[in-house]
Amino acid sequence: MACTDSSWMSCRSPAPGALASWAIALMIIIGCDQSPERSGPAIIEPTADIAIVEARIMNLAQEQANRLPPLLDNLSLALVAFLAEPDPESRQTLQQAWLAAHNQFSRTLPLIRIHEVNRSLFSIDAWPIEPGFLDSLPEYQDSGIINDFTLTISRETLIGQHGFTDPSEASLGFHPLEYYAFARPIEDFVPTTLESLEADVIERRRQLVMIVTTELANTVETLVDDLTRTAITTVSPSPAQRLKAIIAGGRRSALSGFQQANLIVDSDQGHCQYSKSSLENLRYETQTLRAIFASDSTLLSILAGIRPETTRNLDSTLDQAVTILNDPQPSEADRAKLPLMLSAISHQLEEFELELTHQRDSR
């Protein structure tokens, strides 16, 4: 079964033998309540409460997003140092810089989804990617952009090739860099003065990673500017619709987390398979989701006035998911629970969306 949060993301279903027990557990977590709780008006009052929620989310967005540009600068510097002297030490520094930048981007993603400033997400964080679209593979030595000498290695070429016929055909963003930093041998980047086809391929590869890194930094800078300037009120003037936009953004993050967790459990891969940091990536996204729907926040108080039982379930399930993910080495049983937890969170948030829609339509 394929499922998507956006056109470039997919996941696998849990093993068939586990579906029945997962379904039963999921029904327990989300309350098995087939009749909606009806308790409040569609337009949430007072408006000041929504303003408090929005201000808090904006502060979170600014705090997380403003940390991104310096980390992208460090990534660029680490790449320059690696290309100047490709060796195990400079490669490790490059890998650490990539992890720091991508982890911070993961912390920011739930806030990006709420503010709906995600126009450039595909250029920043397309995954999964097809390595053979970029470069040679053991069984296909002449594959990829690198070996297609009809293509110049330029910004314009990489933008044009990105997602050319399929979302997995990624030539921009974090994950082509992840592939080159973690999966390709150092020798692929060592320049040679000998005139040969191999020397030309190495030079094209070095050019590609530099262009991708520069373009990534520029795209993230634009995204950060959008995120720190865009208020949720610009999405909808109605307090109830603004609340619904916040909930919808949270639900998209929970669904993304479910997709990632499924891949981690099913194939031990997930979002960051080359750096083997998929669980870490999911941890940071879920921590930010928990911060948005914090137990002591005005937002959760508003939700409790709409669906009290669902709010209690949401609060509890978020705590359980974060507790599992905060363990650096969760047990196999706990890892298996993650898709369940994140699916439950998605369902719980969807209940609030449906409730607000019902109340609006019944006015």
Side-chain angles (χ1 to χ4, degrees), residues 1-14 98 102 105-106 109 112-113 116-184 188 201 204-205 207-220 222-223 252-253 255-278 281-282 285 339:
M1 176 186 71
C3 50
T4 59
D5 173 45
S6 49
S7 61
W8 65 93
M9 298 170 65
S10 62
C11 69
R12 301 174 188 168
S13 298
W98 186 91
H102 189 266
F105 183 76
S106 299
L109 254 178
I112 294 170
R113 293 188 178 108
E116 297 185 355
V117 292
N118 55 358
R119 295 180 299 276
S120 56
L121 277 185
F122 182 56
S123 296
I124 295 172
D125 202 42
W127 74 278
I129 68 167
E130 177 51 64
F133 180 70
L134 290 167
D135 213 324
S136 61
L137 298 175
E139 62 273 28
Y140 300 106
Q141 290 295 319
D142 296 324
S143 68
I145 293 172
I146 292 301
N147 294 286
D148 184 353
F149 281 80
T150 67
L151 296 173
T152 59
I153 303 299
S154 66
R155 175 179 180 271
E156 291 71 24
T157 295
L158 297 183
I159 291 173
Q161 290 293 309
H162 187 59
F164 187 64
T165 63
D166 187 87
S168 66
E169 295 178 345
S171 54
L172 295 173
F174 275 109
H175 295 290
L177 290 177
E178 178 196 18
Y179 170 68
Y180 279 113
F182 290 87
R184 299 292 297 204
D188 280 356
V201 166
R204 285 168 65 85
R205 190 176 291 122
Q207 291 172 0
L208 184 144
V209 293
M210 276 302 305
I211 293 169
V212 171
T213 304
T214 301
E215 185 65 15
L216 175 62
N218 291 338
T219 307
V220 167
T222 300
L223 179 70
R252 288 191 289 270
S253 288
L255 179 59
S256 171
F258 166 71
Q259 294 167 351
Q260 294 178 56
N262 256 347
L263 282 171
I264 291 169
V265 170
D266 189 37
S267 60
D268 201 27
Q269 292 184 357
H271 190 110
C272 304
Q273 67 183 90
Y274 303 110
S275 59
K276 303 187 185 305
S277 61
S278 297
N281 177 82
L282 182 56
E285 284 197 44

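Between Ile146 and Arg205 the shortest heavy-atom distance is CD1-CA, 3.5 Å. For Pro339 against Asn262, the heavy-atom pair with the smallest separation is CB-OD1, 3.5 Å. Nearest heavy atoms, Gln273 versus Glu178: N-OE2, 3.7 Å.
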Test side chain to side chain contact (heavy atoms under 4.5 Å, CB included) on Tyr274 and Ile129 and set out the steps.
CA-CA 11 Å; Tyr274 303 110; Ile129 68 167; 4.1 Å; yes

Test side chain to side chain contact (heavy atoms under 4.5 Å, CB included) on Ser106 and Phe174 and set out the steps.
CA-CA 11 Å; Ser106 299; Phe174 275 109; over 6 Å; no

Stepwise side chain to side chain contact (heavy atoms under 4.5 Å, CB included) check, Ser171 with Val212:
CA-CA 8 Å; Ser171 54; Val212 171; 6.0 Å; no

Test log, rule side-chain hydrogen bond (donor to acceptor under 3.5 Å, both in side chains), inputs Asp135 and Tyr180:
CA-CA 10 Å; Asp135 213 324; Tyr180 279 113; 2.9 Å; yes

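Partners of Ser143 under the side-chain contact (heavy atoms from CB on, under 4.5 Å) rule, at least two apart in sequence or in another chain, are Leu137, Tyr140. Applying the side-chain contact (heavy atoms from CB on, under 4.5 Å) test to Ile211 and every residue at least two apart in sequence or in another chain returns Ile153, Arg155, Leu158. Under the salt bridge (charged side-chain N to carboxylate O under 4.0 Å, His left out) criterion, Arg204 pairs with no residue, sequence neighbours left out. Ser154 pairs by the side-chain contact (heavy atoms from CB on, under 4.5 Å) definition with Thr152, Glu156, Thr157, not counting sequence neighbours. The side-chain contact (heavy atoms from CB on, under 4.5 Å) test applied to Thr165 returns Glu169, not counting sequence neighbours.
The aromatic rings of Phe105 and His102 lie tilted to each other, with the angle between the two planes from 30° to 60°.
Within the structure, ring-ring contact (aromatic ring centres under 6.0 Å, His included) contacts touching residues 145-165 (residues at least two apart or in different chains) are Phe122-His162.
Distance CD1/Ile124 to OG1/Thr222: 8.5 Å, rounded to 0.5 Å.
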